[in-house]
Amino acid sequence: MAEPPVRFGILGCADIARKMSRAIALAPNGALYAVASRSIEKASSFASANGFPASAKIYGSYEALLEDPEVDAVYVPLPTSLHVLWAVSAAEKKKHVLLEKPVALNAAELEKILEACESNGVQFMDATMWMHHPRTAEMKAFLSDDDRFGRLKTVCTQFYQ
């Protein structure tokens, strides 16, 4: 018997949330269940423009979405300065947490988020696709080619936008 899909609520309507909405919709084990914004009009427009099912719940506040007992997990694409507040709030409502990167402003905030998730028995994950992307395996094989580079000891990278 197949597990029921994870019902996701999305806190906010940032541009990056469009991509995550599509990924959730395409995942066999995920369902777009709800979206919240500071205005119900913006949340409704976001849901319509991003393929949410007609049955999706639309909320005009983040708190209202977190109160919905049918939401299993939340995706938080809000500004990083708001992550600790909303991730901890979600964990306290027993929602699994998927945070957009960077997950926190500093290590102390990340510790608060992780502690809230652990103490409430929910999963934490950041939305960094890097480790799961097929290009990562290709790059590892490329860099591991001793004939091309010799034996690498360290690789330093930076991410710029």
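These numbers come from the heavy atoms of this one structure, side chains and all, not from hydrogens, waters or symmetry mates.
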Student: Counting heavy atoms not belonging to E63, are there more than 12 under 6.0 Å from its CD?
Tutor: yes
Student: Return yes if some donor-acceptor pair links the side-chain N/O of H83 with the main-chain N/O of L99 below 3.5 Å, else return no.
Tutor: no
Student: Could you tell me whether a side-chain N or O of S45 sits under 3.5 Å from a main-chain N or O of E41, the two making a donor and an acceptor?
Tutor: no
Student: Taking D72 first and then R7, would you say they form a salt bridge - that is, a charged N and a carboxylate O separated by under 4.0 Å?
Tutor: yes
Student: Main chain of I40, side chain of S44: is a donor-acceptor contact present, judged purely on distance under 3.5 Å?
Tutor: no
Student: Could you tell me the separation between the CG atom of L78 and the CZ atom of R38, rounded to the nearest 0.5 Å?
Tutor: 8.5 Å
Student: For the side chain of H96 and the backbone of V122, is there at least one donor-acceptor N/O pair under 3.5 Å apart?
Tutor: no
Student: Check whether any side-chain heavy atom of Y59 lies under 4.5 Å from a side-chain heavy atom of D68, and answer yes or no.
Tutor: yes
Student: Would you confirm whether E109, through its side chain, and L105, through its main-chain N or O, come within 3.5 Å as a donor-acceptor pair?
Tutor: yes
Student: Does I113 belong to the same Ile/Leu/Val/Met/Phe/Trp/Tyr cluster as V74, with side-chain heavy atoms less than 4.5 Å apart forming each link?
Tutor: yes
Student: Quick one: pull up OG in S119 and CD in E115 and give me the separation to the nearest 0.5 Å.
Tutor: 4.5 Å
Student: Could you check whether E100 and Y75, counting side-chain N and O atoms only, form a donor-acceptor pair closer than 3.5 Å?
Tutor: yes
Student: Would F52 and Y33 count as a close aromatic pair, with their ring centres under 6.0 Å?
Tutor: no
Student: Please check if the side chain of K95 supplies one atom and the backbone of V71 the other of a donor-acceptor pair under 3.5 Å.
Tutor: yes
Student: Determine whether L32 and M125 fall in the same hydrophobic cluster, where Ile, Leu, Val, Met, Phe, Trp and Tyr are linked whenever their side-chain heavy atoms lie under 4.5 Å apart.
Tutor: yes
